Amino acid sequence: MKAQIIDGKAVSKKVHEEVKAEVEALKKRGIEPFLAVVLVGDNPASKVYVRNKEKACAKVGIKTYTHRLPQDASYDEVASLIRQLNEDPSVNGILVQLPLPDHLDEKSLLELVDPAKDVDGFHPYNLGRLLSGNPTVKPCTPLGIMRLLDEYGVELKGKEAVVVGRSVIVGKPMWLLLLERHATVTTCHSRTADLSFHTKRADVLVVATGRPKMITGDMIKPGAVVIDVGINRLEDGSLVGDVDFESASEVASMITPVPGGVGPMTVAMLLYNTVQAARRQNGIED
Ligand code: NDP
């Protein structure tokens with residue numbers, strides 16, 4: 001293996017320490033950051049994610065409470081809970097764990113979250129601010145990736161960046177954040193005609209497709225920085241990314257592992273966004 005490992009666990013620990021210090025400072029001013037989580041149904045992966053988020057909050061001193069609704073909860077029930085949390089002055093951040101059960105209209109429910117408490121950064125108002133170049137909150141996964149790139153001194157200005165995936169959660173905001181930092185960004189998706197033509201041009205390659213090991217070493221430019229967002233559970237129980245780590249790490253100069261790369265950063269940035277929301281709601285400037 002040639003590539004240097006980008007250690008998301010180590011960087012996330014650093015973010016945890018920073019957030020913890022901010023929480024302590026806020027508590028001295030009588031402010032206790034509070035994240036409310038909405039978990040609907042019994043999706044096992046969602047339950048694990050929520051538990052991890054609760055644990056991370058506890059570690060840095062952020063108060064958290066998970067509202068659990070049954071799998072068959074109605075739109076009105078979820079909507080009324082979100083409205084109640086919007087109104088509650090003690091709640092600084094609201095996280096609606098995705099995916100929601102199929103019968104619920106995810107987009108319209110996310111739009112009900114008060115943008116000031118939208119710590120995921122998925123509300124159209126916050127995405128619009130990001131697009132207009134005046135962001136308040138940035139989606140956790142792309143924000144965490146930017147922090148990883150910065151921690152490892154990856155130069156972006158003038159570089160070719162390729163993002164594979166165009167979801168609202170990862171691909172699209174990733175494109176914007178890289179563009180903001182003066183990379184030349186190409187976005188690929190399932191209808192891209194010649195995927196490897198694009199991936200092979202990338203100095204920085206971000207992959208978020210949900211397709212296990214789909215990017216192989218022969219699709220990567222020698223020396224590229226490879227960020228693997230994917231989290232896929234194989235039948236044998238192992239966890240793999242969207243990049244074939246073995247072949248990719250022979251070609252790349254730096255690469256994120258799965259697990260231990262982007263995943264811990266997403267949780268860390270959720271903590272960061274919650275504290276920033278608490279600061280803003282209390283009129284504390286950056
Ligand atoms: P989505 O399913 O919402 O989006 C997947 C994207 O990949 C789509 O834009 C799709 O294209 C594109 N795609 C699918 N197949 C191909 C292909 N063969 N070639 C090129 N593009 C393709 O997924 P998410 O963005 O939500 O998540 C992606 C992955 O990242 C998942 O594994 C998820 O578990 C993981 N994830 C990890 C996080 C972390 O913290 N590490 C956080 C969030 C997600 P099209 O639009 O044309 O359908």
Side-chain angles (χ1 to χ4, degrees), residues 5-12 15-16 37 43-53 55-56 95-100 102 106-107 110 119-122 127 138-149 161-178 185-202 205-216 218-220 226-235 238-245 248 255-273:
I5 299 291
I6 297 180
D7 188 345
K9 264 195 191 165
V11 179
S12 74
V15 177
H16 283 209
V37 179
N43 182 318
S46 292
K47 283 184 181 170
V48 173
Y49 290 140
V50 165
R51 205 161 48 237
N52 289 343
K53 288 167 188 174
K55 274 191 206 157
L95 181 147
V96 179
Q97 182 63 43
L98 302 179
L100 291 172
D102 288 345
E106 209 163 86
K107 276 191 184 146
L110 287 181
V119 284
D120 264 332
F122 297 159
L127 289 169
K138 297 175 182 175
C140 302
T141 302
L143 181 59
I145 292 171
M146 296 308 287
R147 176 72 190 254
L148 283 179
L149 294 172
V162 173
V163 180
V164 189
R166 57 176 166 180
S167 70
V168 174
I169 293 171
V170 187
K172 281 180 188 163
M174 191 72 246
W175 163 74
L176 266 172
L177 296 188
L178 290 165
V185 195
T186 304
T187 299
C188 300
H189 45 79
S190 67
R191 271 75 147 194
T192 295
D194 184 352
L195 183 61
S196 63
F197 166 78
H198 296 286
T199 57
K200 271 186 200 157
R201 289 189 304 108
L205 177 62
V206 181
V207 188
T209 62
R211 303 274 179 270
K213 299 185 181 189
M214 69 166 280
I215 301 292
T216 45
D218 57 328
M219 298 170 78
I220 295 170
V226 177
I227 305 292
D228 188 355
V229 184
I231 303 177
N232 309 287
R233 176 87 53 196
L234 298 185
E235 275 180 11
S238 61
L239 215 55
V240 297
D242 295 345
V243 174
D244 176 43
F245 184 84
I255 188 166
T256 58
V258 177
V262 175
M265 290 306 293
T266 298
V267 179
M269 298 334 274
L270 171 71
L271 306 176
Y272 171 84
N273 279 349

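Order of listing sets the numbers, starting from 1, for every ligand and every atom in it. Everything numeric here is computed off the predicted structure, so don't read it as measured data.
The minimum heavy-atom distance linking Thr187 with His189 is given by the pair O-CD2, 4.2 Å. The two residues Gln97 and Ser46 have their closest heavy-atom pair at CG-CB, 3.8 Å. Between Thr199 and Leu205, the closest heavy-atom pair is CG2-CD1, 3.9 Å. Annotation for Pro139 and Leu127: closest pair CG-CD2, 4.2 Å, computed over non-hydrogen atoms. Contact record, Cys140 with Asn273: SG-ND2, 3.7 Å, taken as the closest heavy-atom pair. For the pair Cys188 and Val162, the tightest heavy-atom approach, listed with the atom from each and the gap, is SG-CG1, 3.9 Å.
Side-chain atoms of Lys138 and Pro173, non-hydrogen and from C-beta on, never get closer than 4.5 Å to each other. Taking 4.5 Å as the limit, every side-chain heavy atom of Tyr49 sits out of range of all side-chain heavy atoms of Leu95.
Close approach to Arg191 involves these atoms of ligand 1, each under 4.0 Å from a residue heavy atom: 47 (O). Which parts of ligand 1 touch Thr266 is read off a 4.0 Å heavy-atom cut-off, strictly below it: atoms 39 (C), 40 (O). With ligand atoms numbered from 1 in the order given, ligand 1 contributes 32 (O) to contacts under 4.0 Å with heavy atoms of Asn232. Shown in contact with Val164 at under 4.0 Å from a heavy atom are these atoms of ligand 1, numbered in order with element: 20 (C), 21 (N).
For atom 37 (C) of ligand 1, the closest non-hydrogen atom of the protein is Val229 O, 3.1 Å. Looking at atom 15 (N) of ligand 1, its nearest protein heavy atom turns out to be Arg211 NE, 3.2 Å. The shortest contact between atom 6 (C) of ligand 1 and any protein heavy atom is with Ala208 O, 3.5 Å. Summary of contacts: the protein heavy atom closest to atom 20 (C) of ligand 1 is His189 O, 3.1 Å. For atom 7 (O) of ligand 1, the nearest protein heavy atom (residue, atom name, distance) is Thr209 CA, 3.3 Å. When only non-hydrogen protein atoms are considered, atom 12 (C) of ligand 1 lies nearest to Gly165 CA, 4.0 Å.
Contacts with ligand 1 closer than 4.0 Å are made by side-chain heavy atoms of Thr141 only, the backbone lying farther away. Of all the heavy atoms of Met214, the ones lying under 4.0 Å from any atom of ligand 1 belong exclusively to the side chain. Under 4.0 angstrom from ligand 1, the non-hydrogen atoms of Arg166 come from both its backbone and its side chain. Contacts between Val170 and ligand 1, counted as non-hydrogen atom pairs separated by less than 4.0 Å, involve the side chain only.
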Yes or no on side-chain contact (heavy atoms from CB on, under 4.5 Å) for Arg51 and Val48, after CA distance, side-chain angles and deciding distance?
-> CA-CA 5 Å; Arg51 205 161 48 237; Val48 173; 4.2 Å; yes
Any chance you could lay out the side-chain contact (heavy atoms from CB on, under 4.5 Å) test for Arg191 and Arg166, step after step, and finish with the verdict?
-> CA-CA 11 Å; Arg191 271 75 147 194; Arg166 57 176 166 180; 4.0 Å; yes
Give the C-alpha distance, both sets of side-chain angles, the deciding distance and a yes or no for side-chain contact (heavy atoms from CB on, under 4.5 Å) between Phe197 and Thr186.
-> CA-CA 11 Å; Phe197 166 78; Thr186 304; over 6 Å; no
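Contact annotation for atom 40 (O) of ligand 1: protein present (non-hydrogen atoms, distance under 4.0 Å). Atom 2 (O) of ligand 1 lies below 4.0 Å from none of the non-hydrogen atoms of the protein.
Here the shortest heavy-atom distance to atom 29 (C) of ligand 1, taken over Gly210, Cys140, Gly8, belongs to Gly210. With atom 24 (P) of ligand 1 as the reference point, the heavy atom nearest to it among Gly144, Ser167, Pro99 is part of Ser167. In this structure, of Gly230, Pro139, Ser190, Pro259, the residue bringing a heavy atom nearest to atom 45 (P) of ligand 1 is Ser190. Residue nearest to atom 34 (O) of ligand 1, selected from Ile227, Ile231, Thr192: Ile231 (by heavy-atom distance).
When the shell of 6.0 Å around CG of Asp102 is examined, it contains 12 or fewer heavy atoms from other residues, nucleotides or ligands.
For the ligand labelled ligand 1, residue Gly263 lies inside the 4.0 Å heavy-atom shell.
In terms of N/O distances under 3.5 Å, ligand 1 is not approached by Tyr49.
Separating the CG atom in Asp242 from the CG atom in Asn232 is a distance of 5.0 Å, to the nearest 0.5 Å.
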